[in-house]
**Student:** 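This structure is in structure tokens; I'll ask about it shortly.
When a ligand or atom number is given, it counts from 1 through the structure's own listing order. Model, not experiment: these values are computed from the prediction.
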Amino acid sequence: VEASIPEPQREAWKRNQITSFTDKDGFEKEVVRHVETTLARSMFNCDEIAAYSATSLAFRDRLITHWNRTQQRQTYRDTKRVYYLSLEFLMGRALDNAMLNVGLKNVAQDGLAELGFRIEDVVKQEHDAALGNGGLGRLAACFLDSLATLNFPAWGYGLRYRYGIFKQEIIDGYQVEVPDYWLDFNPWEFPRHDVTVDIQFFGQVNKKTVGGKTISVWEAGEIVQAVAYDVPIPGYDTPTTNNLRLWSSKASGGEFDFQKFNSGDYESSVADQQRAETISAVLYPNDNLERGKELRLKQQYFWVAASLYDIVRRFKKSRRSWNEFPDQVAIQLNDTHPTLAIVELQRILVDVEGLEWDNAWEIVTSTFGYTNHTVLPEALEKWPVGLVQHLLPRHLQIIYDINLFFLQSVEKAFPDDRDMLRRVSIIEESQPKMVRMAFLAIVGSHKVNGVAELHSDLIKTTIFKDFVEIYGPDKFTNVTNGITPRRWLHQANPRLSELIASKCGGNDFLKDLTILNQLEKHVEDKQFRKEWAEIKYANKVRLAKHIKDTTGVVVNPASLFDVQVKRIHEYKRQQLNIFGVIHRYLSLKAMTPDQRKKQLPRVSIFGGKAAPGYWMAKQIIHLINSVGAVVNKDEDIGDLLKVIFLEDYNVSKAEMICPASDISEHISTAGTEASGTSNMKFVLNGGLIIGTCDGANIEITREIGESNIFLFGNLSEDVEDLRHAHTYGSHTIDSDLDKVFNEIEKGTFGTPHDFSAMIAAVRQHGDYYLVSDDFHSYIETHQLVDEAYRNQDEWIAKCITSVSRMGFFTSDRCINEYAEEIWNVEPLVVDRH
Ligand code: OX2
């Protein structure tokens, strides 16, 4: 309040309000101004990086005026806000997205051309903001785009990692990890040195009596400061510009450090500073895997505590009663990573604000929603009780109390079921004891959702079955994932977007994706199909150029491009794909030259990172590269088969790859991929998919029709029996797969020993991912793909039909479902001027 300008002086502020550029001349002025002042350079010293920087600063200034207005509007109206807590936001590049969302890309293109630059080259200067691993982090980024586009008062909260996901280099066929130091120059963030929070760790809990009441006081052992960095999130075709607040850690500079400093222990006080900064230093590079590292738990609490402090501070400004908190605040937990927020809010309400436990707990549980993204046991978070006790002593007490009251209620409802108490306890009675974060998240939330229909059914019947009994089925719901068509169609594939607009009555489909269904009546239009095919071809030419530039391999853009890009994981089965490629290679080798002439040329394209500690995933990358090294130089084969591994797959590469795919692979063992979202990106860009009956593939099939997708493999309901049979029955390997293995073992693709573990996983160790069980059907289905592709006319028709039926998979639909079913929030429109 003290910082507010008094009424009499406000006139001067209003008179001097900033006006944003709207045309080419205005844009150019801003660029030149930023080059010459902010960057202290000139037209004699302006490279593409400088042009990128100045263009970004010009757009950033624009966004920030909208951002300010959005925040003022939300504060003034004081409606309910949504807070999306995610340890990952895989944003990718911001400039292109900002230009398109504010509708001024053409202006920038013309202006940059006049100033001597090509916009495509300028855009490419930007370093991806890669603060995530894969689907979970990218989903958060798509949700932010939709929240802003739909005008929801929403904030994202995350960590400002100094190092995002590592850069992948392929050296001698192996993955090598290089640190991603991305913050050298980042025009998209605003440091808020005035928005800081002191975060406590360690220490002990003391009891104190205040006014006849005993309260717990947590005395800290260490304090670290959280500093806010704000990233503006522009909606598409709306002034609404939301905020993504990322916390950075810093030594607190409080009494702790000064004590040491004064006592002459300078070195150790510097070490303390470094330790504090370590908290937000690096993103953990694991996807679907939790490793239980102490620093990771520190990250989680640091981020959650700072975010809640901020949320509570904002709530308190309105001077409402605590019981109104859930009417003003909805907090969504992106997986279990922010689950400590439940405990932290209970602590604030009981220990700091003095509410009664039950009253506080009612507020807490009404506030939170929890999204589960996986059923894989190795990805479910559990923290040793001893570690939580040491780092967060008061929180462990609260967790125990939450568990006590929860188990009491369960015992009351199921008096004869002792085993139920053991099964659902938040504390696992193992050696050592563990806190089960998913259970804590369920108990502390009013809604739990999965991310695709099959997945949401699976969590109800497997890992969370008991909780459905306890709470009833209504606490559990499904919100099938989606993607933002702004980035994944309009930005990634501008020509296709334009063609679609010409058939769908303009760009409205970008805000209401169901309008795509208007394409269907043009499927038979020859000219339309031709243009469609030309665009696909041009996108393939662009990717072929990238392949040539980065790998040296020349691929023919007329070949069928078969793409699998995603994190490398045994459950995603890149090994199935490469075994299939070897099978194809062997078949081609066995043919006469005449037979070969009749074969369809293919390019098998792989991309994706392996977690640095995931040895098997790294072996898979090595096998792919080893196969490529042999096949790509085999003169018998020529263009009939090329095998490419694209280095350093990330968001901006995905924007180039998705539009260039003919068929993409989504081939996880049934029941393991919660949803998948790249499947949606590929279909939306006019590619078909080969996939298992898993995750969102099933709903994609429902929407686009069975004849437009290549499904294969065992169903999720059969997986358990098959695994059981592998272990306890006789396990015979598919004969074609056996030939593939024999060829690898002959040394055709390099030292056989390098790949023996991959083969043994199938032959000797129970083939947990059912590679052999699905191999035959996989190979057969790829033959169907070949046949279908030969009929280009029908292929294109399938692609157009599929795109026209993809309206369901926009993240706008997801956000509207969350808003209605989970958050109970309404949009708030901001005036344009
Ligand atoms: C991913 C899931 O593996 C993927 O299936 C899903 O589409 C995505 O989240 C978004 O919901 N870490 N990453 C995921 O789950 C976890 C855990």
**Student:** Taking the six-membered ring of Tyr284 as reference, does the NZ or CZ atom of Arg291 fall below 6.0 Å from its centre and within a 45° cone about the axis?
**Tutor:** no
**Student:** At under 4.0 Å between heavy atoms, is it the side chain or the backbone of Asp287 that contacts ligand 1, or both, or neither?
**Tutor:** side chain
**Student:** Please work out, at 4.0 Å between heavy atoms, whether the side chain, the backbone, both, or neither of Asn481 comes within that distance of ligand 1.
**Tutor:** side chain
**Student:** Any chance you could lay out the ring-ring contact (aromatic ring centres under 6.0 Å, His included) test for Tyr769 and Tyr571, step after step, and finish with the verdict?
**Tutor:** CA-CA 6 Å; Tyr769 296 103; Tyr571 88 81; 7.3 Å; no
**Student:** Establish, for the pair Lys298 and Phe302, whether the NZ or CZ atom is under 6.0 angstrom from the six-membered ring centre and no further than 45 degrees off its axis.
**Tutor:** no
**Student:** Would Phe710 and His782 count as a close aromatic pair, with their ring centres under 6.0 Å?
**Tutor:** no
**Student:** Measure from atom 11 (O) of ligand 1 to every heavy atom in Glu673, His455, His373 and give the option owning the shortest one.
**Tutor:** His373
**Student:** Quick one: which ligand 1 atoms are inside 4.0 Å of a heavy atom on Tyr571?
**Tutor:** 3 (O)
**Student:** If the condition is side chain to side chain contact (heavy atoms under 4.5 Å, CB included), which residues does Ser604 pass it with, not counting sequence neighbours?
**Tutor:** Asp562, Val581, Phe606
**Student:** Validate the cation-pi geometry between Lys475 and Phe467: distance from NZ or CZ to the six-membered ring centre under 6.0 Å, angle to the ring axis within 45°.
**Tutor:** no
**Student:** Under a 4.0 angstrom heavy-atom cut-off, which atoms of ligand 1 come close to Val451?
**Tutor:** 11 (O)
**Student:** Taking it one step at a time, do Ile568 and Lys618 satisfy side-chain contact (heavy atoms from CB on, under 4.5 Å)?
**Tutor:** CA-CA 8 Å; Ile568 312 292; Lys618 289 179 149 181; over 6 Å; no
**Student:** Where's the contact between Asp335 and ligand 1, heavy-atom distance under 4.0 Å: side chain, backbone, both or neither?
**Tutor:** side chain
**Student:** Tell me: protein heavy atom nearest atom 3 (O) of ligand 1, and distance?
**Tutor:** Asn288 ND2, 2.8 Å
**Student:** Below 3.5 angstrom, do we get any N/O pair linking Ala674 and ligand 1?
**Tutor:** yes
**Student:** So which heavy atom in the protein is nearest atom 1 (C) of ligand 1, and how far is it from that ligand atom?
**Tutor:** Leu136 N, 4.0 Å
**Student:** Which residue and non-hydrogen atom of the protein lie closest to atom 6 (C) of ligand 1, and at what distance in Å?
**Tutor:** Gly676 N, 3.8 Å
**Student:** Which atoms of ligand 1 sit under 4.0 Å from any heavy atom of Thr374?
**Tutor:** 17 (C)
**Student:** For Phe439, is the NZ or CZ atom of Arg423 found under 6.0 angstrom from the centre of its six-membered ring and inside 45 degrees of the ring axis?
**Tutor:** no
